[in-house]
Number of protein chains: 2
Amino acid sequence: MRKPTLKDVAEAAGVHSATVSRALDPGKRHEVHPDTARRVLKAAESLGYRPNPIARSLKTARSNTVGLLVPDLCNPLFPPIVRGADEVLFDRGYSALIASTDNDAAREQRLVDSLVGRQVDGLIVATAQREHPLLSRLHDEQVKMVLINRRVENLDVPAIIPDDAAGIGLAVAHLAGLGHVRIAHLAGPQDTSTGVARARAFRHAVRDAGLDDDPALVVECEYFQEASGAKALRELLDQRVPFTAVVAGNDLLAMGCYDVFAERDVDCPGEISVVGFNDIPFLDKLRPPMTTVRIPHRDLGAEAARMLLGCIDEPARRAGSVLLPVELVVRGSTAPVPD
Amino acid sequence: MRKPTLKDVAEAAGVHSATVSRALDPGKRHEVHPDTARRVLKAAESLGYRPNPIARSLKTARSNTVGLLVPDLCNPLFPPIVRGADEVLFDRGYSALIASTDNDAAREQRLVDSLVGRQVDGLIVATAQREHPLLSRLHDEQVKMVLINRRVENLDVPAIIPDDAAGIGLAVAHLAGLGHVRIAHLAGPQDTSTGVARARAFRHAVRDAGLDDDPALVVECEYFQEASGAKALRELLDQRVPFTAVVAGNDLLAMGCYDVFAERDVDCPGEISVVGFNDIPFLDKLRPPMTTVRIPHRDLGAEAARMLLGCIDEPARRAGSVLLPVELVVRGSTAPVPD
DNA sequence: GTGAAAGCGCTAACAT
DNA sequence: ATGTTAGCGCTTTCAC
């Protein structure tokens, strides 16, 4: 026995399929007589009727699906964000199609083509670069989207981002409070908004705290990845500028520092303190457990989803960006400055 | 200007839409005259035609979508599996809908309902329990699926799983080689096939190696999670049966041991060696870096996807299960038995 | 309040 | 080799 359709329900209830459609739509239920509605509901129930979303989509031109673009799902930063988004989406009858771009523009292009081809109703994008031709084009083509974590410069698209400046401020203040005066910054890639925002915030915070504002203490990392962090720290160490603490652009960069510490037998936090950013899972299991700035991963995802759904439902709405609060999580990688 | 449809292309090319449909389908291109095909392709190209998969799905009753059920996407074991699956699926024109069940049967039920409601063509399931009524029911309802990592007892569904027995054998042999004689096992939940397979393999391996086969050395953990591992190890320690090494049912259980080591000031690997299972990311960053059994995460996902697509394309095919090879990754959490 | 009819964009018999 | 026709399951005018 094949799956029952609207028509089957209509026959069972002795009404026309259009009536069933109305009775089954909570937003239109009031257009039918209560008794009819009851009859229809019962018939649907007893047949085990399940609406076919594909047929509905074809008619309504809405797929109830959104695309979610991340650099790499295996980067532990993203699963919680995805789950936060998915939860909201699911509750509203949407599904997410997740795509990992691997920071590869060509791949990203292909994935976006596929998503748009699948008629997604919108995009949540966590891969933004400051200059991002693809996203600019999508925006021109009226594709609904919201950025998450990072944004694109001069592109008027809503973004949900952590309060980078506040987070860096917290990190620097914490270190300053421990007596550190010469603090280095492993800056994230400067083609990302987070990379520059955190670097700028770092310089401001250092200056505000009256610490040494030495340009030699800021070094840029090519990627937000361990190897880049390790490389940057080695450079810093090799050029022999003194420093007793590092604020890393994110946790992965900070983990790269751990590698160098092991390699060069540096004691952390005895000789050098380190602070990460994001608070990805398992940081508490590292040796030493890493002090970091926690961002509200799930909220980022959830807010982005809410925002996107808002834009879809209400195309006129001009949504602004949202800054989510962060907090400092002090663990074992920071200690008073050695004398 | 709205999106071009098949009909628009047909008009532009001066043929009927059915011809366009054929010309555009590589599998049917030979049914049309090469010249016509060329003309159609050019028209489609110049109009920027993109087929509408929703309309196609409505007609063909295939959504080109599969559901992927995992316990929790935030568990680092799963993202690589998901990516492995997604890659294969994407190449074949499919998309994955990912759902995290949180080991909650009711939630799993809701998610599956949603996936089936969305007309997925099949399911890849990484959440199997040995007794799994929901999956049994789905199987009865002819829902195509393949299990991954774990299986259901007495359910004839293809499964892609790591060679648990070989992995445990490798772990035990490694420890035996280091001189350990009293080895404990933190067994995974016995309602999962992996939990029992590894526990059984452990007992066999211990016996084969001529080591102490003491039942008191095997303790069951309620969940495959750190807290359960920690709890189990504490019990073991408290009952004062001597042992110098632990083979954990998975990496998370082993990480739970690390917590207890810190708590009770036990030296690992000086006093107790530990081996994990799975080789989730960042194990090399722990202190000590964890020795573990590496399973081919991505291959698991990729094979599962291939298998599922095979079952979808060829419904008659009776697919068997696949056992994927594992390898031991020796790091710093194992050392010669203390004298 | 309910029914009739059209049509979303595509594919698959069937006919020519 | 190509066109005709019908219809996938639903929503939405428009009548009544």
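A note on names: the letters A, B, ... follow the listed sequences, proteins ahead of strands, and every chain is numbered from 1. Computation of the quantities below employed the complete heavy-atom set of this structure, encompassing side-chain atoms and omitting hydrogens, waters and symmetry-equivalent molecules.
- For D:dT2, the OP1/OP2 oxygens have a side-chain nitrogen or oxygen of B:T36 closer than 4.0 Å.
- Residue contacts for A:P53: at a heavy-atom cut-off of 4.0 Å it reaches no nucleic acid atom on any strand shown.
- For the side-chain hydrogen bond (donor to acceptor under 3.5 Å, both in side chains) with B:H132, the lone residue among B:E153, B:E108, B:H139, B:R151 that qualifies is B:E108.
- Note: CG (B:L6) to P (D:dT2) measures 16 Å, nearest angstrom.
- Using a 4.0 Å cut-off between charged nitrogen and carboxylate oxygen, A:K3 and A:D8 do not count as a salt-bridge pair.
- The structure places OG of A:S193 at 12.0 Å from CD of A:E131, a figure rounded to the nearest 0.5 Å.
- Of the two residues contacting DNA chain C, namely A:E31 and A:A18, the nearest-nucleotide position lying further toward the 5' end is that of A:E31.
- Looking at the side chain of B:R22, the nearest of the listed nucleotides D:dG3, C:dG9, C:dT2 is D:dG3.
- Following rounding to the nearest Å, B:L24 (CG) and D:dT2 (P) show an atom-to-atom distance of 14 Å.
- Closest to the side chain of A:S21, from the set D:dT12, D:dT2, C:dC10, is D:dT12.
- Each of D:dC10, D:dT12, D:dT2 was ranked by its minimum atom distance to the side chain of A:T60; first place goes to D:dT12.
- Nucleic acid contact for A:H33: sugar-phosphate only, since backbone atoms but no base atoms lie under 4.0 Å from a heavy atom of the residue.
- To the nearest angstrom, P of D:dT2 lies 12 Å from CZ of B:R38.
- Per the geometry, NE2 belonging to A:H30 stands 14 Å off C1' belonging to C:dT2, to the nearest Å.
- Of the listed nucleotides (D:dT12, D:dG9, C:dC10), D:dG9 has the atom at the smallest distance from the side chain of B:L58.
- Around the CZ atom of A:F90, the shell of radius 6.0 Å holds more than 12 heavy atoms that belong to other residues, nucleotides or ligands.
- The listed nucleotides are C:dG3, C:dC10, D:dC10; the one nearest the side chain of A:V15 is C:dG3.
- In the model, B:R118 has no side-chain atom that pairs as donor or acceptor with a side-chain atom of B:S63 under 3.5 Å.
- Residue contacts shown for B:S57 are absent, as no nucleic acid heavy atom lies under 4.0 Å away.
- Between the P atom of D:dT11 and the NZ atom of A:K7 lies a distance of 15 Å, rounded to the nearest Å.
- Under the 4.0 Å criterion applied to side-chain N and carboxylate O atoms, B:D191 and B:R130 are not assigned as salt-bridge partners.
- In terms of phosphate contacts, B:T19 brings a side-chain nitrogen or oxygen within less than 4.0 Å of OP1 or OP2 of D:dG3.
- A close approach under 4.0 Å does not occur between any side-chain nitrogen or oxygen of B:H16 and OP1 or OP2 of D:dT2.
- One finds no side-chain N or O of B:K59 lying less than 4.0 angstrom from the OP1 or OP2 phosphate oxygen of D:dG9.
- Residue B:K28 places none of its side-chain N or O atoms closer than 4.0 Å to OP1 or OP2 of C:dT11.
- One atom, CG of A:N52, and another, P of D:dT11, lie 10 Å apart when rounded to the nearest Å.
- Across the protein-nucleic acid pair, B:K3 atom NZ and C:dC8 atom P stand 15 Å apart, rounded to whole Å.
- Across the protein-nucleic acid pair, A:D25 atom CG and D:dT11 atom C1' stand 9 Å apart, rounded to whole Å.
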